[in-house]
Amino acid sequence: MRVLFIHADYIEYEAREKALKNAEEIEKRKERCDECLVAFISVEEGDDGIAPRASKEIEEIAEKLNVERIVLYPYAHLSPKLASPDVAMKVLLNLESILGEKYEVCRAPFGWYKSFVISCKGHPLSELSKEIRAEGEEEEESEALKAEKKTTYWYIMTPDGELHDVSEFNYEKYPNLKKFVDYEISGTRAVTRIPPHVELMQKLELADYEPGSDSGNMRYYPKGKLVKRLIEEYVENRVLDYGAMEVETPIMYDYNHPSLKSYLNRFPARQYIVLSGKDKYFLRFAACFGQFLLMHDATFSYKQLPIRIYELAKYAFRREQKGELVGLRRLRAFTMPDMHTLAADMEQAKEEFRRQYEMAISVLKDFGLELGDYEVAIRFTRDFYEENREFINDLVRLVNRPVLIQMWDERFFYFVLKFEFNFVDAMNKAAALSTVQIDVENAQRYGITYYDEKGEKKNPYILHCSPSGAVERVMYAMLEKAYMDSQRGRKPMLPVWLSPTQVRIIPVKDEFMDYATAVMHDLADLGFRVDLDDRDLSVSRKIRDAEKEWIPYIVVIGEKEISEEILTVRIRGEGVKVMKMDEFLKILEEKVRGYPRAKLPLPALLSMRPKFRG
RNA sequence: GCCACCGUAGCUCAGCCGGUGGAGCGCCACCUUGGUAAGGUGGAGGUCGCGGGUUCGAUUCCCGCCGGUGGCUCCA
């Protein structure tokens with residue numbers, strides 16, 4: 001709430017005409033008040049419960065000025081983020097009644113165009129403005145947080161189903177789990193350097209900051225765009241194979257939509273707001289809304305369940321705090337594969353949960369991320385655990401390693417069970433990748449129903465699943481992992497199917513260019529991403545550049561290769577090997593089989609490529 | 001959002017206590033035709049993040065803003 005205070009000799013105002021359709025009805029159009037404190041007030045978003053606090057602030061000033069009369073004057077122009085009229089009205093009425101106990105209060109009518117004349121006293125304290133923060137809201141939030149902390153229990157569960165105290169567990173064999181636990185519970189951080197993946201995303205010309213946009217909205221260079229698209233395609237294929245139906249839903253939603261509103265209000269507002277004329281919309285922060293609204297209108301029966309729908313939320317928007325944004329790890333606009341499964345009952349929900357858990361493991365594996373690169377967290381309510389011990393144990397047994405468990409006495413969120421796979425990066429920070437949750441709340445909130453055996457309407461359980469997590473975050477994890485590999489003396493690289501250039505051809509002299517070009521075309525025709533370094537540079541220099549690009553296969557072509565019809569291939573991380581073309585093709589084919597394919601994202605001749613970054 | 005640090009050529013960075021700026025890489029030209037991580041010579045390129053202030057004079061000092069990074073908070 002923003003308030004402009006004027007200590008006045010008098011104020012006169014007159015309501016002229018309605019500014020809002022639902023302006024309040026008034027009896028007396030004209031008012032005058034002498035020797036008073038006038039408070040021009042803008043009620044802002046989130047001010048719902050602010051009246052008691054605001055009245056204290058106003059009283060304080062009134063006391064200092066020693067006035068008996070207070071004028072509450074609704075004045076919208078102090079703030080760009082006004083509360084809705086009904087909220088503002090409520091707050092003003094509240095203020096009026098609280099202040100009315102001690103002061104004579106005039107309240108100027110709400111929702112009218114008014115003319116006014118004011119005489120300001122002009123002494124040092126006679127004019128001041130104040131921003132009264134909706135601390136009530138913050139308190140509530142921290143109360144909820146405190147409550148969560150009070151009734152949260154942390155354990156490590158071993159594959160035998162045993163729960164161990166987090167502080168007593170022996171982490172010797174699981175250093176990453178230790179890092180993850182520390183990060184989760186105490187939030188330990190002790191590093192001061194640019195995250196490795198940020199330097200890499202720039203150096204490899206994958207992605208970069210875009211200062212022309214809002215922070216946390218990235219640009220992708222051709223190579224980065226390719227990698228991103230391949231990841232998206234891959235996840236999409238997996239989800240469709242799993243049985244999901246792809247849909248597309250809007251990226252913005254009515255701020256005042258009833259079901260959406262109650263969902264939004266459960267959390268501190270972190271939305272991007274879009275104004276369309278006078279109407280307010282928020283940008284989606286996940287694909288949930290669109291899919292829920294869509295399923296609300298669908299008709300289906302228990303025989304069709306489970307039903308799975310999927311969308312690649314490009315983008316999902318979250319206006320994270322400035323200080324939280326980092327490279328590709330935490331963004332304000334990101335790409336989220338989001339699948340929702342409607343399940344008839346808890347048994348079916350559990351069955352799906354388990355299958356999706358396994359799918360997530362397999363998906364990450366194809367990005368080169370293995371158990372141990374990431375740690376498993378499983379979170380649930382105590383009730384759920386009591387009824388499903390064996391089910392939980394089974395999840396831990398499946399990964400065959402200790403898992404972080406968080407258990408709540410009460411349900412704070414919309415889910416009763418959730419898992420995440422948390423990647424532990426080079427700076428010992430953790431970031432969630434895959435996740436699945438069993439939602440027991442939103443089917444009701446959105447009025448999603450199916451017909452059961454008796455023909456009665458029932459709310460299904462809803463599973464939220466992102467088998468990979470945000471696409472940008474997958475890129476982040478791959479780059480961080482590559483960096484950690486290089487620290488251990490291994491050559492950093494992306495999986496071959498994701499490498500922007502899979503094969504680089506380097507002719508030893510200009511005269512071999514025709515032959516080299518022919519080799520390039522042979523490979524390209526088979527769907528591999530091949531390019532050719534035709535620049536006027538030494539062979540070793542070209543090799544160096546290719547290595548810096550993490551190219552998995554470098555083929556040098558000279559006299560020997562041409563006369564003997566062989567290929568000399570420098571395989572990343574393995575060394576130089578001489579082979580026949582068909583042998584090379586076999587190796588390549590094996591590396592990309594089953595993965596999405598795409599064309600080279602840049603001109604095939606290196607001499608034709610711009611430099612996007614240094 | 002709060003606190004701290006940083007912002008000099010496309011990139012990475014040097015520039016002491018105020019007197020209008022340098023290197024390497026990259027780019028362009030020429031020479032060089034090369035065999036598995038940098039061949040040589042020359043040239044172009046800068047409102048020193050933006051806006052104010054102090055000063056005869058500011059890249060340098062002060063304030064504000066923007067952007068990046070780290071910490072706190074947060075992470076539906």
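Computed from a predicted model, the values in this text were never measured in an experiment. So you know, we letter chains A, B, ... as the sequences are listed, proteins then strands, and number each from 1.
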Using the [atom1] atom in both, what is the distance from [N] to [M], to the nearest Å?
N: B:U59; M: B:G22; atom1: P; value: 15 Å
N: B:U47; M: B:C56; atom1: P; value: 28 Å
N: B:C65; M: B:C6; atom1: C1'; value: 16 Å
N: B:C11; M: B:G46; atom1: P; value: 14 Å
N: B:C31; M: B:G68; atom1: C1'; value: 42 Å
N: B:G18; M: B:G57; atom1: P; value: 15 Å
N: B:U41; M: B:G26; atom1: P; value: 13 Å
N: B:U60; M: B:G15; atom1: P; value: 15 Å

Contact class for [X] vs. all strands (heavy atom < 4.0 Å): base, sugar-phosphate, or nothing?
X: A:Lys491; answer: base
X: A:Lys611; answer: sugar-phosphate
X: A:Ile554; answer: nothing
X: A:Asp536; answer: base
X: A:Gly212; answer: nothing
X: A:Lys560; answer: base
X: A:Gln202; answer: nothing

Out of [options], whichever nucleotide has its closest atom nearest the side chain of [X]:
X: A:Val539; options: B:C75, B:G1, B:G34; value: B:G34
X: A:Arg318; options: B:G70, B:G34, B:C75; value: B:C75
X: A:Met427; options: B:G70, B:U36, B:U32; value: B:G70
X: A:Arg613; options: B:A38, B:G68, B:C11; value: B:C11
X: A:Ser215; options: B:G67, B:A76, B:G71; value: B:G67
X: A:Arg330; options: B:C75, B:A38, B:G70; value: B:C75
X: A:Arg541; options: B:G34, B:G26, B:U36; value: B:G26
X: A:Gln321; options: B:U73, B:G67, B:G34; value: B:U73

Under 3.5 Å, is there any donor-acceptor pair linking the side chain of A:Glu561 to the base of B:G35?
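Side chain to base: pair found, below 3.5 Å.
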
Is a donor-acceptor contact shorter than 3.5 angstrom present between the side chain of A:Arg570 and the base of B:A37?
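Present.
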
Could you please name the partner base of [N], counting Watson-Crick and G-U wobble pairs only when both distances are under 3.5 Å?
N: B:C30; result: B:G40
N: B:G51; result: B:C63
N: B:C72; result: B:G1
N: B:G18; result: none

Sub-6.0 Å ring centroid separation between A:Tyr374 and A:Phe423:
no

Electrostatic pair A:Arg379:A:Glu420 at N-O distance under 4.0 angstrom:
yes

Looking at A:Lys179 and A:Glu375, is any side-chain nitrogen of the basic one under 4.0 Å from a carboxylate oxygen of the acidic one?
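Looking at A:Lys179 together with A:Glu375, the answer is no, because their closest N to O distance does not fall below 4.0 Å.
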
Flag this pair as yes if the NZ/CZ of A:Lys225 is under 6.0 angstrom from the six-membered ring centre of A:Tyr220 and inside a 45 degree cone about the axis; otherwise no.
no

Check the pair A:Asp208 / A:Gln202 against side-chain hydrogen bond (donor to acceptor under 3.5 Å, both in side chains), numbers first and verdict last.
CA-CA 6 Å; A:Asp208 216 331; A:Gln202 293 171 329; 3.1 Å; yes

Rounded to the nearest Å, what distance is computed from the [atom1] atom of residue [X] to the [atom2] atom of nucleotide [N]?
X: A:Arg535; N: B:C25; atom1: CZ; atom2: P; value: 15 Å
X: A:Arg319; N: B:A76; atom1: CZ; atom2: C1'; value: 17 Å
X: A:Lys548; N: B:U36; atom1: NZ; atom2: P; value: 19 Å

Measure the acute angle between the ring planes of A:Tyr253 and A:Phe282, then classify it against the limits of 30° and 60° as parallel, tilted or perpendicular.
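Aromatic pair A:Tyr253/A:Phe282 classed tilted.
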
Under 3.5 Å, is there a donor-acceptor pair linking the side chains of A:Tyr183 and A:Asn428?
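Per modelled atom types, A:Tyr183 and A:Asn428 side chains form no pair under 3.5 Å.
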
